[in-house]
Amino acid sequence: METSQQTQQSAVLAAWNKRPLIISGPCSAETEDQVLATAQRLTKTGKVDMLRAGIWKPRTKPGMFEGIGAKGLPWLQQAKKITGLPTTVEVATGKQVEDALTFDVDVLWVGARTTVNPFSVQEVADALRGVNVPVLIKNPINPDLELWQGAVERISRAGIKQVGLIHRGFSAYGNTEFRNAPMWHLAIEMKRRMPELPIINDPSHICGRRDILQTTAQKAIDLEFDGLMIESHIDPDNAWSDAKQQITPEVLAEILDNIIWRKEDVPSPTFHAALDKLREQINHIDDELMQLIGQRMNIAEKIGEYKKNNNVTILQTSRWNEILEKATNKGSKLGLSAEFVQKYMDAVHMESINRQNKIMND
Ligand code: PEP
Ligand code: MN
């Protein structure tokens, strides 16, 4: 006979392995009624696999709501009992891990402000030794993939088998469209480095506002994320934390309904034949581009030699401005964004400068 603990573990594993995995719930647990009502309304949508709620809230400044604390854990236990939803909570210290596990929290997550601190991550990892619980690790607030990967390694080395990633964007100075810059390429790079780990997107903390949640969630799904964590609240405007980005369970259901769920692949042979042909063309063009860039660098080296023999500096600002302007104009006629042209030309220019620098100083 299966014990109730085993039944619960297989329910958690089923949720963990579901695609897309949808996690929702309030930024913070505030009152028992709020937690229970949110969980019940989320269950009613039939679209949510796991209930989240912050119990301990690491806040940027003191005096803000720092979470209800361990007192909120029985509310989550009760919410699970009523709805059957597995629960997930953020942990930042060994004590918090112990408390969360005492109250049967099913999945733990490491927050962005904790991932940056190897001492804290190690403390959480040490508290997890010998425990069988899945752990999600948010990206650090700064765009440092080594830290993110380091946190994964610490938790894995503690013996945790189910480890996943949450992409919640990166801090940026000043006002931007997003509360946290998504820097999608960094999440994609983590997927490349650790393809065996599921990666969930957290549009709530990326956007920091409601009106762009839909497009951000869609982008994540288009980039093949394994799921979404979106904050929801029964009365978003009056939430005790992150009020601007929270939505009701019903609005969450609408957002999920509006997402176009794309597949990684389809079995159609005509689709594959067409795709193969186009990919072949792309491969040819990439090959030619590399050849051309190689040739460009060889010419840059020759220029370097002339400059060296005539004692001329590597960088001539006026010449660089001229090249950049030409490239931007040409690029815009071809439908290339100014941002892309700038990034591309900067990269080419840096490589050129490095090659010339070597020649000048050899
Ligand atoms: C949260 O999920 O409520 C939270 C605090 O997120 P983050 O660690 O991404 O800031
Ligand atoms: Mn939040």
Side-chain angles (χ1 to χ4, degrees), residues 139-140 142-150 152-153 165 167 169-174 176-178 181-197 199 219 222-224 264-265 271-362:
N139 67 255
N142 56 325
D144 183 339
L145 293 189
E146 301 308 314
L147 268 177
W148 199 0
Q149 205 173 338
V152 171
E153 282 169 22
L165 304 169
H167 168 231
F170 303 88
S171 283
Y173 184 71
T176 52
E177 181 188 5
F178 296 101
M183 302 190 182
W184 296 99
H185 57 288
L186 295 186
I188 292 167
E189 172 60 13
M190 275 303 270
K191 264 162 76 95
R192 198 190 60 78
R193 288 190 193 182
M194 313 188 121
E196 67 288 358
L197 303 193
I199 180 164
K219 176 130 188 186
D222 290 346
L223 290 174
E224 235 194 309
E264 190 189 345
D265 206 355
F271 166 75
H272 277 281
L275 196 63
D276 285 350
K277 235 185 212 158
L278 292 171
R279 284 184 170 160
E280 191 58 22
Q281 286 177 29
I282 294 253
N283 289 347
H284 274 303
I285 291 176
D286 280 346
D287 195 58
E288 273 173 37
L289 281 174
M290 279 302 144
Q291 301 268 6
L292 284 172
I293 292 174
Q295 284 174 25
R296 190 191 192 283
M297 293 307 157
N298 290 339
I299 295 174
E301 275 188 0
K302 275 197 194 124
I303 295 178
E305 272 159 28
Y306 279 112
K307 285 179 180 168
K308 179 182 183 177
N309 295 336
N310 293 285
N311 256 336
V312 174
T313 58
I314 292 179
L315 179 71
Q316 277 105 33
T317 317
S318 57
R319 166 71 180 147
W320 177 237
N321 280 338
E322 181 197 317
I323 291 179
L324 207 55
E325 203 182 303
K326 257 197 201 148
T328 314
N329 285 339
K330 178 95 188 171
S332 122
K333 282 190 193 120
L334 292 167
L336 304 172
S337 74
E339 193 196 349
F340 166 74
V341 174
Q342 176 86 39
K343 269 191 196 151
Y344 165 77
M345 291 305 290
D346 277 345
V348 169
H349 192 215
M350 263 333 286
E351 180 73 8
S352 242
I353 286 178
N354 289 343
R355 298 269 287 251
Q356 292 192 356
N357 207 4
K358 229 182 189 167
I359 294 212
M360 304 275 269
N361 296 304
D362 251 0

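Looking at every heavy atom in both residues, Thr313 comes nearest to Met360 through C-CE, 4.4 Å. In terms of heavy atoms, Ala338 sits closest to Thr328 at CB-CG2, 4.3 Å. Between Phe170 and Pro140, the shortest heavy-atom contact is CD2-O, 3.4 Å. The heavy-atom pair separating Ile359 from Gly304 by the smallest distance is CG2-C, 4.1 Å.
A side-chain donor-acceptor contact under 3.5 Å links Lys191 to the backbone of Glu224. Distance alone, capped at 3.5 Å, places no donor-acceptor pair between the Glu301 side chain and the Gln356 backbone. Judged purely by atom type and a 3.5 angstrom limit, Lys307 uses its side chain to pair as donor or acceptor with the backbone of Ile314. Listed for the Asn139 side chain is a donor-acceptor partner under 3.5 Å among the backbone atoms of Gly169. In terms of modelled atom types and a separation under 3.5 Å, the side chain of His167 and the main chain of Pro182 share a donor-acceptor contact.
Residues forming a ring-ring contact (aromatic ring centres under 6.0 Å, His included) with His349 (at least two apart in sequence, or on another chain): Trp320. Scanning for side-chain contact (heavy atoms from CB on, under 4.5 Å) contacts around Asp265 gives Phe271, His272, with sequence neighbours left out. The side-chain contact (heavy atoms from CB on, under 4.5 Å) test applied to Glu146 returns Asp144, Gln149, Arg193, not counting sequence neighbours.
Residues Glu305 and Lys308 are not paired through a salt bridge, judged by the lack of any N-O separation under 4.0 Å between the basic side chain and the carboxylate.
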Evaluation steps, side chain to side chain contact (heavy atoms under 4.5 Å, CB included), between Asn298 and Arg355: CA-CA 9 Å; Asn298 290 339; Arg355 298 269 287 251; 3.3 Å; yes

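Annotation: the span from Gln342 atom CD to Leu324 atom CG amounts to 5.0 Å, rounded to 0.5 Å. Residue Ile199 holds its CD1 atom at 11.0 Å from CE of Met194, rounded to the nearest 0.5 Å. Atom CG of Leu147 is separated from atom CG of Leu145 by 9.5 Å, given to the nearest 0.5 angstrom. Atoms CD1 and OG, from Ile299 and Ser352 in turn, are 10.0 Å apart once rounded to the nearest 0.5 Å.
Sorted by first and then second residue, the ring-ring contact (aromatic ring centres under 6.0 Å, His included) pairs involving residues 288-315 (not counting sequence neighbours) form an empty list. Each ring-ring contact (aromatic ring centres under 6.0 Å, His included) pair with one or both residues in residues 324-343, not counting sequence neighbours, would appear here, but there are none.
With contacts defined as side-chain heavy-atom distances shorter than 4.5 Å, the pair Lys358/Asn354 does not qualify. Counting only heavy atoms from C-beta outward, the side chains of Met297 and Val348 approach each other to under 4.5 Å.
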Side chains of residues 278-294: which donor-acceptor pairs under 3.5 Å do they make with residues two or more places apart or in other chains?
none

